[in-house]
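All values below were derived from every heavy atom in this structure, side-chain atoms included, with hydrogens, water molecules and symmetry-related copies excluded.
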Amino acid sequence: MRWSGSLVSETYRILTTGGTFLYPADARDGNRSGHLRLVYEAQPAALIVEQAGGMASTGGKRILDIAPEALHQRVPLTSSTEGVSRVEQLYASPEITRHSDAPLFAYRGLLRV
């Protein structure tokens, strides 16, 4: 795992060396619908990743298929050249959704599988 805290540099790293970018929603107030802004963070990064042959998702829905409802609308983001489908499977798992509304950190979540 590697994290620099910058969507742009992480996207570049993923495109050049592979990997998966995860910035999920979590149960904390203000982060329940994600942290990255859809219009000017998530969708531009998703466009670049998809043009390079990868995928970008909220964990259940393709980022580029989301119609913005507000300028500063926030979404969770998972983008990768190879791993998004695995993350989407984890989000859809009944074992995860049964325990928490934050699949990444749930009892049987992505980081605790």
Side-chain angles (χ1 to χ4, degrees):
M1 291 178 64
R2 177 179 159 84
W3 181 68
S4 70
S6 169
L7 174 62
V8 173
S9 65
E10 290 297 332
T11 300
Y12 174 76
R13 184 186 58 80
I14 288 166
L15 292 174
T16 58
T17 63
T20 302
F21 179 86
L22 295 169
Y23 209 140
D26 60 43
R28 294 178 296 162
D29 288 337
N31 287 338
R32 290 187 193 281
S33 59
H35 185 74
L36 296 173
R37 287 147 194 101
L38 175 66
V39 175
Y40 48 91
E41 291 175 327
Q43 286 182 330
L47 179 66
I48 292 168
V49 168
E50 288 193 8
Q51 289 295 308
M55 295 174 63
S57 169
T58 63
K61 187 173 186 178
R62 184 174 172 248
I63 291 288
L64 295 177
D65 288 343
I66 300 172
E69 297 173 6
L71 180 61
H72 301 294
Q73 177 181 345
R74 295 175 184 261
V75 294
L77 175 64
T78 301
S79 64
S80 176
T81 52
E82 70 275 337
V84 172
S85 58
R86 174 69 177 131
V87 173
E88 287 180 341
Q89 288 173 349
L90 288 167
Y91 269 85
S93 169
E95 294 174 352
I96 291 174
T97 54
R98 180 176 58 226
H99 293 290
S100 173
D101 61 351
L104 184 67
F105 300 105
Y107 176 72
R108 293 274 306 162
L110 180 60
L111 297 178
R112 295 191 176 119
V113 172

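- Proximity of Ile66 to Gln73: side-chain heavy atoms (C-beta onward) are separated by under 4.5 Å at one or more points.
- With rounding to the nearest 0.5 Å, the separation of OG in Ser79 from CG in Leu47 is 12.0 Å.
- Taking hydrophobic clusters as Ile, Leu, Val, Met, Phe, Trp and Tyr residues chained together by side-chain heavy-atom distances below 4.5 Å, Leu36 shares a cluster with Leu38.
- Side-chain contact between Ile63 and Thr58: present, with at least one pair of heavy atoms (C-beta onward) separated by less than 4.5 Å.
- Put simply, CZ on Arg37 and CG on Leu7 are 11.0 Å apart, with the number rounded to the nearest 0.5 Å.
- A pairwise comparison of heavy atoms in Thr20 and Ser80 identifies OG1-OG, 3.2 Å as the closest pair.
- Between the Thr17 side chain and the Ile14 main chain, no donor and acceptor come within less than 3.5 Å of each other.
- Under a hydrophobic clustering in which Ile, Leu, Val, Met, Phe, Trp and Tyr are joined whenever their side-chain heavy atoms come within less than 4.5 Å, directly or via other members, Phe21 and Val75 fall into the same cluster.
- Side chains of Leu64 and Gln43 form a contact here, defined as non-hydrogen atoms less than 4.5 Å apart.
- In this structure, His72 and Tyr40 have perpendicular ring planes: the angle between them is above 60°, well past the 30° mark.
- The CD atom of Glu41 sits 7.5 Å away from atom CZ of Arg74, with the distance rounded to the nearest 0.5 Å.
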